[in-house]
Trainee: 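Let me give you the structure first, and then I'll get to my questions.
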Amino acid sequence: MARKPATASKPPHSLFLLFFITIFPVLLASLDMGGLDQLWLEEKEDEVDEVQSHQPSPKDCDFSIGEWVYDKSYPLYDATCPYLSTQVSCRRNGRPDLDYEKWRWRPQHCLIPRFNALDFLEKIRKKRVMLVGDSIMRNQWESLVCLVESVIPAESKMLSSHGPTMAFHAMDYQASIEFSWAPLLVELKEEEGNKRVVHLDAIEENAKYWRGVDVLVFDSAHWWTHTGKWRTWDFYMEGDRIFKDLNPMVAYEKGLTTWAKWVDLNLDPRTTRVIFRSVSPRHNRENGWQCYKQREPLVYSGYIPHVPGQLVVLREVVKKMKFPCHLQDITSMSALRRDGHPSVYTTAPAPELKAHQQSDCSHWCLPGVPDTWNELLYALLI
């Protein structure tokens, strides 16, 4: 179960446009693109139940079963990392407790190597690593950049952007860690009459940015279940057929199948690694406050809860692929971390005064849970 050592003491207390209005101040400063962060706060995602899933991991070891243990040697980087966006900088935003930075995932039958920034950079020398997906994937991208940036001299690192992508460059290593905004993977376009259409069988406008990348990490789940004012499209389209409404999991299966076919036809497993990260759980059920003032992980009790529909669909699509895509299961371990979300600490100052207005139980504080996802990514690459 999750525990702290008895001797441990507590630490001191539109489409592409949607992407650009979430770019954080560091990128704005370096690229002079103008600043808006509101979409991060406005983006809502439908409920994802906590889940226990069992996908094979490298060397036949399942990293998804285990416990969170308190580790005073964590976090793996400083919370002042300049590449963190405001909305996930919980310490800077006034969160009084810091324990969420100190929990390390310990698998039941595996050892996760501690993230080594210099070794990781050597592994990706002369390579491109790209994380593709929604704002939760951007959350992970910021974590990965912060995990490596402190070992790189200031004159040897830079940020760039192109279309819906942005990249952190480690110039001495001729390597890049990139993020590509594609929350549905398939294309979402504004058509005649300002109608927004999800093209379930079209992907090239997004996928053209993924070509030539050595390691591709994908996610796509939450946007498919958006409803009401949070839904970012008006119609689905497949071939010549237009749908006003479609079962979200049917649409998701069609979209993922389009992605899988593109990977099978366009990528070479001898030169490209493909990883699909499972759905990141939320903790804002009932009245939306289940992550507020939480201080410790939940304890895994051995039961197998309901598996969200997105994960069921994803497993089936990946199973049918010819390309050896690795399904990285982070869902069950992250479901235990209701303490790891920004909650009201998305802005500064005085977040407590806004407690009745805003509680983000979807994204993750950094340093925090996505650092573990990247330790698992590091384990896959070594």
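This is a predicted model, so every value here is computed, not measured.
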Trainee: Taking Ser150 for its side chain and Cys146 for its backbone only, find out whether a donor-acceptor pair lies under 3.5 Å.
Mentor: no
Trainee: List the atom of Asn206, the atom of Leu185, and the distance in Å for their closest heavy-atom pair.
Mentor: ND2-O, 2.8 Å
Trainee: Compute both the distance and the angle, then confirm whether Arg277 meets the cation-pi test with Trp373: under 6.0 Å from the six-membered ring centre, within 45 degrees of the axis.
Mentor: yes
Trainee: Within a strict 4.5 Å, meaning less than it, do heavy atoms of the Tyr77 and Glu149 side chains meet?
Mentor: no
Trainee: Is there a side-chain contact between Cys365 and Tyr345, using heavy atoms and a 4.5 Å cut-off?
Mentor: no
Trainee: Decide yes or no on side-chain contact (heavy atoms from CB on, under 4.5 Å) for Leu216 and Met130, but give the supporting numbers first.
Mentor: CA-CA 5 Å; Leu216 282 161; Met130 180 179 283; 4.0 Å; yes
Trainee: Judged by atom type as modelled, is there a donor-acceptor pair below 3.5 Å linking the side chain of Arg337 to the main-chain atoms of Tyr100?
Mentor: yes
Trainee: Looking at side-chain heavy atoms only, is the closest gap between Arg125 and Lys123 below 4.5 Å?
Mentor: no
Trainee: Are Met158 and Phe168 co-members of a hydrophobic cluster defined by side-chain heavy atoms under 4.5 Å apart?
Mentor: no
Trainee: Among Cys90, Ser89, Ser343, Pro342, find the one that has a side chain to side chain contact (heavy atoms under 4.5 Å, CB included) with Arg95.
Mentor: Cys90
Trainee: Closer than 3.5 angstrom, by distance alone: can the side chain of Asp371 be matched with the main-chain N or O of Gly368 as a donor-acceptor pair?
Mentor: yes
Trainee: As an exercise, state the distance from CG of Leu267 to NZ of Lys322, rounded to the nearest 0.5 Å.
Mentor: 14.0 Å
Trainee: May I ask you to decide if Glu122's main-chain N or O and Asp119's side chain share a donor-acceptor pair within less than 3.5 Å?
Mentor: no
Trainee: Please report the shortest heavy-atom distance between Ser280 and His222, naming the atom on each side.
Mentor: O-NE2, 2.7 Å
Trainee: Can you check side-chain contact (heavy atoms from CB on, under 4.5 Å) on His363 and Gln87, steps first, answer last?
Mentor: CA-CA 9 Å; His363 301 96; Gln87 293 81 0; over 6 Å; no
Trainee: According to ring-ring contact (aromatic ring centres under 6.0 Å, His included), who are the partners of Trp210, at least two apart in sequence or on a separate chain?
Mentor: Phe218, Trp262
Trainee: Going by heavy atoms in the side chains, are Ile124 and Tyr173 under 4.5 Å from each other?
Mentor: no
Trainee: Can a donor-acceptor pair be found, under 3.5 Å and without considering hydrogens, that links the side chain of Glu142 to the backbone of Ser85?
Mentor: yes
Trainee: Does a donor on one side chain sit under 3.5 Å from an acceptor on the other, for His199 and Glu191?
Mentor: yes
Trainee: Give, for atom OH of Tyr83 and atom CG of Leu147, the distance between the pair rounded to the nearest 0.5 Å.
Mentor: 13.5 Å
Trainee: In plain terms, say whether Asp245 and Arg231 are close enough for a salt bridge, that is, a side-chain N and a carboxylate O under 4.0 Å apart.
Mentor: yes
Trainee: With clusters defined by side-chain heavy atoms of hydrophobic residues (ILVMFWY) lying less than 4.5 Å apart, directly or transitively, does Met171 cluster with Leu159?
Mentor: no
Trainee: For Leu200, does its backbone N or O pair with a side-chain atom of Thr258 as donor and acceptor, under 3.5 Å?
Mentor: yes
Trainee: Checking side-chain contact (heavy atoms from CB on, under 4.5 Å) for the pair Met321/Val274: CA distance, chi angles, key distance, verdict?
Mentor: CA-CA 12 Å; Met321 294 176 66; Val274 174; 5.6 Å; no
Trainee: Taking a hydrophobic cluster as the set of Ile, Leu, Val, Met, Phe, Trp and Tyr residues connected by side-chain heavy atoms closer than 4.5 Å, whether directly or through intermediates, do Met237 and Trp224 fall within one such cluster?
Mentor: no
Trainee: Indicate yes or no: at least one non-hydrogen side-chain atom of Asp62 is less than 4.5 angstrom from one of His109.
Mentor: no
Trainee: Looking only at heavy atoms, what is the nearest atom pair of Leu376 and Ile112, with distance?
Mentor: CD2-CD1, 3.4 Å
Trainee: Any non-hydrogen side-chain atom of Gln310 less than 4.5 Å from a side-chain atom of Met249?
Mentor: yes
Trainee: Do any N or O atoms from the side chain of His341 and from the backbone of Gln294 form a donor-acceptor pair under 3.5 angstrom?
Mentor: no
Trainee: Locate the shortest heavy-atom distance separating Val148 from Ala117; write the atom from each residue and the value.
Mentor: CA-CB, 3.9 Å
Trainee: Looking at Ser64 and Trp105, what are the two nearest heavy atoms and their distance?
Mentor: O-CZ2, 3.5 Å
Trainee: Give, for atom CD of Glu101 and atom CG of Leu76, the distance between the pair rounded to the nearest 0.5 Å.
Mentor: 10.5 Å
Trainee: Provide the closest heavy-atom pair for Val318 versus Cys325 in the form atom of the first, atom of the second, distance.
Mentor: CG1-O, 3.8 Å
Trainee: Run through Arg128, His169, His162 and flag the one making a side chain to side chain donor-acceptor pair (under 3.5 Å) with Glu178.
Mentor: Arg128
Trainee: Glu296 and Asp339: side-chain contact (heavy atoms from CB on, under 4.5 Å), yes or no, with the steps?
Mentor: CA-CA 6 Å; Glu296 293 187 353; Asp339 63 304; 5.7 Å; no
Trainee: Please determine whether salt bridge (charged side-chain N to carboxylate O under 4.0 Å, His left out) holds for the pair Glu187 and Lys189, giving the CA-CA distance in whole Å, both sets of side-chain angles, and the decisive distance to 0.1 Å.
Mentor: CA-CA 6 Å; Glu187 296 173 20; Lys189 296 181 178 181; 3.1 Å; yes
Trainee: Would Trp181 and Trp223 count as a close aromatic pair, with their ring centres under 6.0 Å?
Mentor: yes
Trainee: Would a distance-only check, ignoring hydrogens and angles, find a side-chain to backbone donor-acceptor pair under 3.5 Å from Trp103 to Asp99?
Mentor: yes
Trainee: To the nearest 0.5 Å, tell me how far Asp201 CG sits from Lys261 NZ.
Mentor: 9.0 Å
Trainee: May I ask you to decide if Ser220's main-chain N or O and Tyr252's side chain share a donor-acceptor pair within less than 3.5 Å?
Mentor: yes
Trainee: Could you grab the distance from atom NZ of Lys157 to atom CD1 of Ile152, nearest 0.5 Å is fine?
Mentor: 6.5 Å
Trainee: Same cluster or not: Val151 versus Trp141, using hydrophobic residues (I, L, V, M, F, W, Y) connected whenever any side-chain heavy atoms lie under 4.5 Å apart?
Mentor: yes
Trainee: Return the set of residues passing salt bridge (Lys or Arg N to Asp or Glu O under 4.0 Å) with Arg104 (not counting sequence neighbours), or none when no residue passes.
Mentor: Asp71
Trainee: Are Ser143 and Trp364 linked by a side-chain donor-acceptor pair shorter than 3.5 Å?
Mentor: no
Trainee: How about Leu111: does its CG atom have over 12 heavy atoms from other parts shown lying under 6.0 Å from it?
Mentor: no
Trainee: Taking C-beta and beyond as the side chain, do Thr372 and Glu375 meet within less than 4.5 Å on heavy atoms?
Mentor: yes
Trainee: I need the Asp134 CG to Ile136 CD1 distance, nearest 0.5 Å.
Mentor: 6.0 Å
Trainee: Measure from NZ or CZ of Lys244 to the centre of the six-membered ring of Phe235 and say whether it is under 6.0 Å with the direction within 45° of the ring axis.
Mentor: yes
Trainee: List the residues meeting salt bridge (Lys or Arg N to Asp or Glu O under 4.0 Å) with Asp234, not counting sequence neighbours, and say none if there are none.
Mentor: Arg196
Trainee: Tyr378, Leu118: one ILVMFWY side-chain cluster at the under-4.5 Å cut-off?
Mentor: yes
Trainee: Begin with the C-alpha distance, continue with both residues' side-chain angles, and end with the deciding distance and a verdict on side chain to side chain donor-acceptor pair (under 3.5 Å) for Ser278 and Thr331.
Mentor: CA-CA 6 Å; Ser278 67; Thr331 307; 2.7 Å; yes
Trainee: Side chains of Leu380 and Phe63, heavy atoms from C-beta outward: is any pair under 4.5 Å?
Mentor: no
Trainee: Tell me if a side-chain donor or acceptor on Lys102 pairs with a main-chain N or O of Lys72 at a distance below 3.5 Å.
Mentor: yes
Trainee: Does a donor on one side chain sit under 3.5 Å from an acceptor on the other, for Asp360 and Thr346?
Mentor: no
